[in-house]
Amino acid sequence: MTTTWIIVDEPGVAGLLDTARNLGRPTAAVVVGPHELAASTATAGVDRCLWLGETGDAPVEAFATAVAAVVADGAPGVVLAAARPSARALVGAVAATLRAPAMVGAVGVETDGDTVLVEREVLGGIARRTERCDGPVCLVVDGGGVPEPGAAVPVEEVTAEALAVRVVENRPSSAPQVDLAGARRVVAVGRGLKAKEDLALVDRLAEAMGAAVACSRPVAEGSGFLPKDRYVGVSGRTLTPDVYLALGISGQVQHTVGIRGAGTIVAVNTDADAPFMKECDYAVVGDLYTFVPALAAALQS
Amino acid sequence: MTVVVAHKWAPNPQEATVAPGGTVDLSRAKPAVSEYDPVAIEVGRRLADAWGCELVGVSVGGPEIAAPMARKAALSRGLDRLVVVADERLSGAGATPTAVALAQAVGEVEDVRVVLAGDSSVDEGAHLVPSVLAGLLGWPSLAEVADVTADGGALVVERAQGSGSQVVRVDGPAVLAVAADAAVPRVAGMKDILAAGKKPVVELPLAGELPAQPEVVGRAPVPLAERGRRRIDTTDPDAAARELVAALRADGVL
């Protein structure tokens, strides 16, 4: 029988474990990172936990070929990695070694013998396709939160050689760290926000609402108003808050694919025909510059 | 020493229509050099100029990528020459077969110091081809790269890490996916497009077998949650705000 492999380079792998468990195969984890990450993975409900040793000053990506060798040697069926740049570097090397398909957007995975059926969203989430793979397949899925600890399996240390990459310097951001994944309420801004200073308006609303602040991709990459780990949608974050308030975001599918699981969606836009107006619970047609202060005041009264 | 940029000629699914059965029609979506790839070409041009070396584009895909329009679109953005692998079997190919063909093309270029790629393709958007390519070449891959410089034989790479950044040193060649905002790509003028027609292009036949591709056994539209779409008028912003707060409180989400 094939083994389901999960690639672990950060603690947020509950999403991978959920997918792995549904397949009903033995599950093995290969861990790149400090020993404590391996120790916590060993309690996450896996049958085996292989650890490549302390990474020293090598970044996660330096262990791509080592991870590929471990997985290739372990009867891989489905290989799962989280949608993060470092995990993609690892799973890419696995796909190269196995010459196996590497895919994103899976919403359902089933196995039948060596055959794997993957239902997934394609082309940025505009349609779904079910694909049959005869042999191993690498899937990049949402990593999710930190798994609940349970009974531990032993951590098996494997000697690994790192590729010639070293971290020279870390430059942490001065921007405060925000736990978007865990936020129950999220206020997100799009291109309707004209200037970086105007974020103060949004911050006041978020504070009144007890919400975290996210954005659409152009706000993080085009105008750089917010750090890149705050944008929602294809290639960015997938969020499932109770309430998602979108300010000046048109609602192209590339964005909305990241919040389809949200409870209540409010869209605020000057354009009554913006796509978001069809994919929301409350369609507020108006200027965010007048509505946002009014909303902040109404929340406080 | 050579700088290589891998790029894709792809349709923008923003222009696609999806039939009720989930079949995607891309016939109205005009192909172009994929959204973020001009950024990679721009970064590559600057690097090649700084190092005084050649900038070679590599592209793989269906027969249409060898057409003069596709070649010129890439060459006019600053490449010195182009290597393409155009084959029917690469039309709509997944990350692994695409990377296999790219590895073949990269293998034809001498003394490659670095392979650059865009953040992700406009159509698949999987962010996977650079890391599969790196795996095939046995090189490291790094993504969200903001800057690359040379230090002797090493590459010094600045890349995004969480909400901050990290400087990484690579001894030897690497595959780097540049961040979407790493550079502002140039707009090709008439002179660039005319000059592009004269630049060398090598068309390689696809060598060897491609890895097996999954078989599509079903298609479906994306099920959308039924949302209320209750319209709130903001002629009076304060009244609108009170109406929304009351509604959200009634929904139990505030």
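Every chain is numbered from 1, with letters handed out A, B, ... down the list of sequences. These numbers come from the heavy atoms of this one structure, side chains and all, not from hydrogens, waters or symmetry mates.
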*Asks:* What residue, out of B/V170, B/L128, B/L155, has the most heavy-atom pairs lying under 4.5 Å from chain A?
*Replies:* B/L128
*Asks:* Compare all side-chain heavy atoms of B/V157 with those of A/V165 and state whether any distance is below 4.5 angstrom.
*Replies:*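 Answer no - side chains too far apart.
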*Asks:* So for A/V107, is it side chain, backbone, both, or neither that comes closer than 4.5 Å to the heavy atoms of chain B?
*Replies:*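 Neither part.
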*Asks:* For A/A102, is it the side chain, the backbone, both, or neither that has a heavy atom closer than 4.5 Å to a heavy atom of chain B?
*Replies:*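 A/A102 touches chain B through backbone and side-chain heavy atoms alike.
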*Asks:* Using 0.5 Å steps for rounding, measure from the CG atom of B/D171 to the CG atom of A/L163.
*Replies:*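 The CG atom of B/D171 sits 11.5 Å away from the CG atom of A/L163.
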*Asks:* Considering only heavy atoms, which portion of B/A212 lies under 4.5 Å from any heavy atom of chain A: side chain, backbone, both, or neither?
*Replies:*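 When you check distances to chain A, only backbone atoms of B/A212 fall under 4.5 Å.
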*Asks:* Can you confirm whether more than 12 heavy atoms, excluding those of A/D112, are under 6.0 Å from its CG atom?
*Replies:*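 Check fails, neighbour count at 12 or below.
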*Asks:* Can you say whether B/V18 sits under 4.5 Å from chain A via the side chain, the backbone, both, or neither, judging by heavy atoms?
*Replies:* side chain
*Asks:* Salt bridge between B/D181 and A/R217, side-chain N to carboxylate O under 4.0 Å?
*Replies:*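 No.
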*Asks:* Side chain from CB out, backbone as N, CA, C, O: work out which of these in A/R260 comes under 4.5 Å of a heavy atom of chain B, or both, or neither.
*Replies:*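 Both backbone and side chain.
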*Asks:* Please rank A/V243, A/V285, A/D287, A/L98 by heavy-atom pairs under 4.5 Å with chain B and give me the top one.
*Replies:*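 When all of A/V243, A/V285, A/D287, A/L98 are compared, A/V285 has the most.
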*Asks:* Taking the side chain as everything from C-beta on, heavy atoms only, tell me whether B/R159 gets closer than 4.5 Å to A/P59.
*Replies:* yes
*Asks:* What are the two closest non-hydrogen atoms of A/T290 and B/P237, and how far apart are they?
*Replies:* O-CB, 4.0 Å
*Asks:* Once rounded to the nearest 0.5 Å, what's the spacing between atom CG of A/L117 and atom CD of B/E215?
*Replies:*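 With rounding to 0.5 Å, CG (A/L117) is 10.0 Å from CD (B/E215).
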*Asks:* Most heavy-atom pairs under 4.5 angstrom with chain B, which of A/K278, A/K228, A/Q252?
*Replies:* A/K278
*Asks:* Set out, in order, the CA-CA distance, both residues' side-chain angles and the distance that settles side chain to side chain contact (heavy atoms under 4.5 Å, CB included) for A/R166 and B/V168, then state yes or no.
*Replies:* CA-CA 6 Å; A/R166 297 293 174 268; B/V168 170; over 6 Å; no
*Asks:* Rounded to the nearest 0.5 Å, what separation is found between the CG atom of A/D242 and the CG atom of B/D251?
*Replies:* 11.0 Å
*Asks:* For B/D238, which atoms come within 4.5 Å of any heavy atom of chain A: side chain, backbone, both, or neither?
*Replies:*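 Backbone plus side chain of B/D238, per the 4.5 Å heavy-atom cut-off to chain A.
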*Asks:* Would you mind reporting whether B/T234 and A/V284 have side-chain heavy atoms less than 4.5 Å apart?
*Replies:*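 Side chain of A/V284 against side chain of B/T234, heavy atoms only: contact under 4.5 Å found.
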*Asks:* So, for B/A16 and A/I126, which heavy atoms are closest and what is the spacing to 0.1 Å?
*Replies:*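 In terms of heavy atoms, the two residues are closest at CB-CD1, 3.8 Å.
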*Asks:* So what's closer than 4.5 Å to chain B heavy atoms on A/A211: side chain, backbone, both or neither?
*Replies:*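 For A/A211, no heavy atom lies under 4.5 Å from chain B.
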*Asks:* Given salt bridge (charged side-chain N to carboxylate O under 4.0 Å, His left out), test B/R219 with A/E131 step by step and report yes or no.
*Replies:* CA-CA 9 Å; B/R219 296 177 196 275; A/E131 292 168 326; over 6 Å; no
*Asks:* Of the listed residues (B/A180, B/S165, B/G125), which shares the most heavy-atom pairs with chain A below a 4.5 Å separation?
*Replies:* B/S165
*Asks:* Considering only heavy atoms, which portion of B/E158 lies under 4.5 Å from any heavy atom of chain A: side chain, backbone, both, or neither?
*Replies:*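 The side chain, not the backbone.
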*Asks:* Quick check on the interface: out of A/V116, A/V253, A/I265, who has the most heavy-atom pairs with chain B under 4.5 Å?
*Replies:*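 That would be A/I265.
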*Asks:* Can you tell me which portion of B/L26 sits under 4.5 Å from chain A's heavy atoms? Options are side chain, backbone, both or neither.
*Replies:*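 For B/L26, side-chain heavy atoms alone lie under 4.5 Å from chain A.
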*Asks:* Got more than 12 heavy atoms from elsewhere within 6.0 Å of CG, A/D114?
*Replies:* no
*Asks:* List for me each residue that meets salt bridge (charged side-chain N to carboxylate O under 4.0 Å, His left out) alongside A/R128, sequence neighbours excluded, and say none if there are none.
*Replies:*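 Result, salt bridge (charged side-chain N to carboxylate O under 4.0 Å, His left out) vs A/R128: A/E121.
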*Asks:* I'd like to verify something: which residue of A/V104, A/V268, A/L123, A/V94 has the highest number of heavy-atom pairs under 4.5 Å with chain B?
*Replies:* A/L123
*Asks:* With only heavy atoms counted, which part of A/V266 is less than 4.5 Å from chain B, the side chain, the backbone, both or neither?
*Replies:* side chain
*Asks:* Would you indicate whether the side-chain heavy atoms of A/V122 and B/D123 approach each other to under 4.5 Å?
*Replies:*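 Counting from C-beta outward, B/D123 and A/V122 never come under 4.5 Å.
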*Asks:* Answer yes or no: is there a side-chain heavy-atom contact under 4.5 Å between B/R242 and A/S301?
*Replies:*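 Sidechains of A/S301 and B/R242: no contact.
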*Asks:* With rounding to the nearest 0.5 Å, note down the distance linking OH in A/Y282 to CG in B/L248.
*Replies:* 6.0 Å
*Asks:* Are side-chain heavy atoms of A/T130 and B/V216 found at a separation under 4.5 Å?
*Replies:*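 When only atoms from C-beta onward are counted, B/V216 and A/T130 do not touch, as no gap falls below 4.5 Å.
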*Asks:* Tell me, side chain or backbone of A/A95 under 4.5 Å from chain B's heavy atoms, or both, or neither?
*Replies:* both
*Asks:* A/T264 versus chain B, heavy atoms under 4.5 Å apart: side chain, backbone, both or neither?
*Replies:* both
*Asks:* State the CG-CD distance between B/D119 and A/E221, to the nearest 0.5 angstrom.
*Replies:* 6.0 Å
*Asks:* Which atom names give the shortest non-hydrogen contact between A/A298 and B/V245, and what distance separates them?
*Replies:*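 So the two residues come closest at CB-CG2, 3.9 Å.
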*Asks:* Could you check which of A/A58, A/G124, A/A100 has the highest count of heavy-atom pairs closer than 4.5 Å to chain B?
*Replies:*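 Answer, by heavy-atom pair count under 4.5 Å with chain B: A/A100.
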*Asks:* Would you mind reporting whether A/C280 and B/R227 have side-chain heavy atoms less than 4.5 Å apart?
*Replies:*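 No; the side chains remain at least 4.5 Å from each other.
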*Asks:* Hey, which residues of residues 82-90 of chain A are touching chain B, say heavy atoms under 4.5 Å apart?
*Replies:* A/P85, A/R88, A/A89
*Asks:* Indicate the atoms forming the closest heavy-atom contact of B/V24 with A/A127, along with that distance.
*Replies:* CG2-CB, 3.5 Å
*Asks:* In terms of heavy-atom proximity below 4.5 Å to chain A, should B/V100 be classed as side chain, backbone, both, or neither?
*Replies:*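 Side chain only.
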*Asks:* Is A/V140 close to chain B through its backbone or its side chain, or both, or neither, when contacts mean heavy atoms under 4.5 Å?
*Replies:* side chain
*Asks:* Donor-acceptor pairs under 3.5 Å, side chain of residues 137-152 of chain B to any protein atom, not counting sequence neighbours: which ones?
*Replies:*
from	atom 1	to	atom 2	distance (Å)
B/W139	NE1	B/L137	O	3.4
B/D151	OD2	B/R169	NH1	2.7

*Asks:* Quick one: pull up CZ in A/R129 and OG1 in B/T23 and give me the separation to the nearest 0.5 Å.
*Replies:*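 It is 10.0 Å, given to the nearest 0.5 Å.
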*Asks:* Are B/L254 and A/M209 packed together at the side-chain level, in the sense that at least one heavy-atom pair is separated by less than 4.5 angstrom?
*Replies:*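 Yes, close enough: below the 4.5 Å cut-off.
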*Asks:* Once ring pair (Phe, Tyr, Trp, His ring centres under 6.0 Å) is applied, do any residues pair with A/F225, and if so which ones, sequence neighbours excluded?
*Replies:* none
*Asks:* Given B/V167, which of A/V168, A/V167, A/N170 fulfils the side chain to side chain contact (heavy atoms under 4.5 Å, CB included) condition?
*Replies:*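 Of the listed residues A/V168, A/V167, A/N170, the side chain to side chain contact (heavy atoms under 4.5 Å, CB included) partner of B/V167 is A/V168.
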*Asks:* Charged N to carboxylate O under 4.0 angstrom, A/E279 versus B/R229?
*Replies:*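 A salt bridge is absent here (no side-chain N lies under 4.0 Å from a carboxylate O).
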*Asks:* Please determine whether the number of non-hydrogen atoms from other residues, nucleotides or ligands lying under 6.0 Å from atom CD of B/Q213 exceeds 12.
*Replies:* yes
*Asks:* Side chain, backbone, both or neither: which part of A/L295 has a heavy atom under 4.5 Å from chain B?
*Replies:* both
*Asks:* Heavy-atom cut-off 4.5 Å, strictly under: side chain, backbone, both or neither for B/A134 against chain A?
*Replies:*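 The answer is neither part of B/A134.
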*Asks:* In terms of heavy-atom proximity below 4.5 Å to chain B, should A/P101 be classed as side chain, backbone, both, or neither?
*Replies:* both
